[in-house]
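As the structure is a computational prediction, the values presented were derived from the model and not from experiment.
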Amino acid sequence: MKKQFNAMLDLFKNQSGVAVIMVALSIFMLTGFTAFVVDAGSLYFEKSRLQKGLDAAVLGGAQVLMVSEGEAKIVATEIAFDNGFTIEGSEISTGDNYIEINKTVNKDLFFARVLGFNNADVSAYARAETIQTLTGGDGIVPVALEQGEYVEGEPYTMNFQPGNNGNASISGNFGFLAMDGPGGKELKEGIMYGSTLETYDPSDPDTYEWTQTGLSWGNVKAGFEYRIEEDKDNPDCASYQTADNTCSRVITVPMVETYEGANGKTMVKIIGFAAFWIESVNQHEVSGRFIEYVRGGTFGSGEDFGVSGVKLVN
C-alpha cells in the first residue's frame with residue numbers, strides 16, 4: 001500500500017513539472033501571438049495611411065499637370081508632406097498625362113522585438129492619370145461658342161456687340177444659353193456660379209439646349225467681373241500659363257456644333273466643353289485664351305477641347 005502511495009506522489013510530481021513546462025510554452029506562444037497581432041495591426045494601419053497619403057498626393061498633382069510637370073511634382077510633394085510623408089525626387093515621376101509615387105517607409109515594431117524583429121518596411125504605390133473628354137458636369141458657364149473658334153493658347157475675344165450678334169452672327173443670339181431660365185438675372189448667376197450641363201444625346205431631345213436671346217450686357221459684364229475679382233489675391237490666376245482649377249476666372253464653356261439657322265430662340269447641340277481663362281472685360285467684350293484644364297465631371301467619348309479629368313490607376 002505504501003509503495004502504491006509513493007508511486008502516486010511521484011506521478012503527481014512529474015505532472016507538475018510538465019505543467020510548468022506547458023505554462024512556459026503557452027506564455028511564449030501567447031507573447032508571440034500578441035506580437036503578431038499588435039505589430040501586424042500597426043503595419044496595416046501604416047500601410048493604409050501611406051496609401052491614402054500617396055493617393056491624395058498624386059490626385060492633387062495631376063490637377064496641375066496641364067500647367068507643368070514641375071508644378072505637379074511640387075503640389076504632390078506638398079500634399080504628401082501635409083499627410084506626414086516626405087517625398088524624395090527619386091520617388092516621384094511624371095509624364096504628359098500621369099504622375100506616380102513609389103515610396104517605402106520603415107516602421108518600428110514593439111512586441112515583435114522579443115522575437116528579434118525591431119522594424120519592418122512598408123511600401124505603397126500611387127499613380128494618377130488625366131482622362132479625356134468632359135461630357136458633363138457642374139460649374140458650366142452658359143456662354144456657348146462654336147467649335148471652329150477653339151484654338152488653344154491663342155488670344156481670343158468674345159464679342160458681344162450690338163448689331164454684330166456676338167459670335168453667332170445670327171439674329172437675336174449672342175451665344176447665351178437659357179440653362180437656368182430666360183432672364184438676365186439667371187444669366188448673370190449662371191456666369192458667376194455655373195450650371196449643370198451635358199453634351200447632347202441623339203436619343204434624348206432634352207439634351208439639346210435653348211439659346212437665350214438679347215444682350216443683357218450689364219448682367220453679363222457683372223458676372224465676368226465677379227469671377228476676376230474672386231482671384232485678386234491669387235497671383236497664379238493672373239496668367240493663363242499658371243491658372244488652374246482653383247481660379248474662378250478659368251471658366252468651362254460649352255462648345256456647339258453650329259449656330260447656323262439659330263434665328264431667335266432655338267435649340268443648339270452641345271458637342272463638348274472648353275476651358276477659357278478670362279483676361280479682361282471691356283465694353284461688350286470678354287478677352288482671354290482657351291487653355292488646357294483639369295476638372296471634375298463626367299468623362300467619355302466625344303469632341304476633345306482640352307478639358308480633362310483625373311483618375312487613380314492601380
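Between A72 and I99 the shortest heavy-atom distance is O-CD1, 3.6 Å. Shortest non-hydrogen contact noted between V143 and M158 is CG1-SD, 4.1 Å. Contact detail for F273 and P254: the closest heavy-atom pair is CD2-CA, 3.7 Å. Nearest approach of F299 to L134, heavy atoms of both residues: CD2-N, 3.4 Å. Heavy atoms only, all atoms of each residue included: I191 and V220 are closest at CD1-CA, 3.9 Å. The two atoms that bring T130 and L65 nearest to each other are CG2-CD1, 4.0 Å, heavy atoms only.
Residues S93 and E100 have side chains that bring a donor and an acceptor to within less than 3.5 angstrom of each other. Checked by atom type, the side-chain pair Q132/S308 shows a donor-acceptor distance below 3.5 Å.
Taking the centre and axis of the six-membered ring of F276, the NZ or CZ atom of R289 falls outside the cone set by 45° and 6.0 Å.
Residues T104 and V122 form no side-chain contact, since every pair of their non-hydrogen atoms from C-beta on lies 4.5 Å or further apart. At a threshold of 4.5 Å between non-hydrogen side-chain atoms, the residues R127 and Y125 count as touching. Side-chain atoms of I92 and T77, non-hydrogen and from C-beta on, do get closer than 4.5 Å to each other. In this structure, the side chains of N102 and E91 stay at 4.5 Å or more apart for every pair of heavy atoms. The closest side-chain heavy-atom distance from V58 to L54 is not below 4.5 Å.
Side chain of K103 to main chain of T86: a donor-acceptor pair is present (N/O by atom type, distance under 3.5 Å, no hydrogens or angles). In this structure a side-chain-to-backbone donor-acceptor pair under 3.5 Å is missing from Q51 to S48. Side-chain N or O atoms of W277 include one that pairs as donor or acceptor with a backbone N or O of C237 at under 3.5 Å.
Interatomic distance, F176 CZ to Q212 CD, rounded to the nearest 0.5 Å: 7.5 Å. A distance of 9.5 Å separates CD in E303 from CE in M255, rounded to the nearest 0.5 Å. Remark: D304 CG to E292 CD distance equals 8.0 Å, nearest 0.5 Å. Expressed to the nearest 0.5 Å, how far CG of D121 lies from CG of N106 amounts to 5.0 Å. Between atom CD of residue E71 and atom OG1 of residue T94 there is a gap of 12.0 Å, rounded to the nearest 0.5 Å. I79 CD1 to L59 CG: the interatomic distance, rounded to the nearest 0.5 Å, is 8.5 Å.
The local environment of NZ in K188 is sparse, with at most 12 non-hydrogen atoms from other residues, nucleotides or ligands closer than 6.0 Å. Annotation for D96: atom CG does not count as buried by contact number, only 12 or fewer foreign heavy atoms lying within 6.0 Å.
Cluster annotation: V294 and L312 are assigned to the same hydrophobic cluster (Ile/Leu/Val/Met/Phe/Trp/Tyr, side-chain heavy-atom contacts under 4.5 Å, transitive). Both V307 and V256 are part of a single hydrophobic cluster, where members link through side-chain heavy atoms under 4.5 Å apart. Cluster membership check: M192 does not share its hydrophobic cluster with V286, using side-chain heavy-atom separations under 4.5 Å among Ile, Leu, Val, Met, Phe, Trp and Tyr. Under the 4.5 Å side-chain contact rule for hydrophobic residues, V253 and V281 share a cluster. Both L187 and L145 belong to a common hydrophobic cluster when Ile, Leu, Val, Met, Phe, Trp and Tyr are linked at side-chain heavy-atom distances under 4.5 angstrom.
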**Prompt:** Taking it one step at a time, do E279 and S287 satisfy side chain to side chain donor-acceptor pair (under 3.5 Å)?
**Reply:** CA-CA 5 Å; E279 183 173 19; S287 299; 6.0 Å; no
**Message:** What verdict does the side-chain contact (heavy atoms from CB on, under 4.5 Å) test give for E154 and F290, after you've listed the backbone C-alpha separation in whole Å, the side-chain angles of each residue and the deciding distance to 0.1 Å?
**Reply:** CA-CA 7 Å; E154 294 297 316; F290 289 104; over 6 Å; no
**Request:** Quick one: do I140 and T196 satisfy side-chain contact (heavy atoms from CB on, under 4.5 Å)? Show the steps, please.
**Result:** CA-CA 6 Å; I140 311 296; T196 302; over 6 Å; no
**Item:** Derivation of the side-chain contact (heavy atoms from CB on, under 4.5 Å) call for I87 and F81
**Value:** CA-CA 7 Å; I87 303 301; F81 184 79; over 6 Å; no
**Message:** Set out, in order, the CA-CA distance, both residues' side-chain angles and the distance that settles side-chain contact (heavy atoms from CB on, under 4.5 Å) for W217 and Q283, then state yes or no.
**Reply:** CA-CA 9 Å; W217 174 248; Q283 186 62 26; 4.3 Å; yes
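Evaluation of the ring-ring contact (aromatic ring centres under 6.0 Å, His included) rule for Y193 yields Y226 as partners, not counting sequence neighbours.
By the 4.0 Å N-to-carboxylate-O rule, E230 lies too far from R227 to be salt-bridged with it. Ion pair E225/K221 flagged as a salt bridge, since at least one NZ, NE, NH1 or NH2 atom sits closer than 4.0 Å to an Asp/Glu carboxylate oxygen.
Among residues at least two apart or in separate chains, side chain to side chain donor-acceptor pair (under 3.5 Å) pairs with a member in residues 239-253 are Q63-N245, D244-T246, T252-R295.
Taking the six-membered ring wherever Trp is involved, the centroid distance between the rings of Y150 and F305 falls below 6.0 Å.
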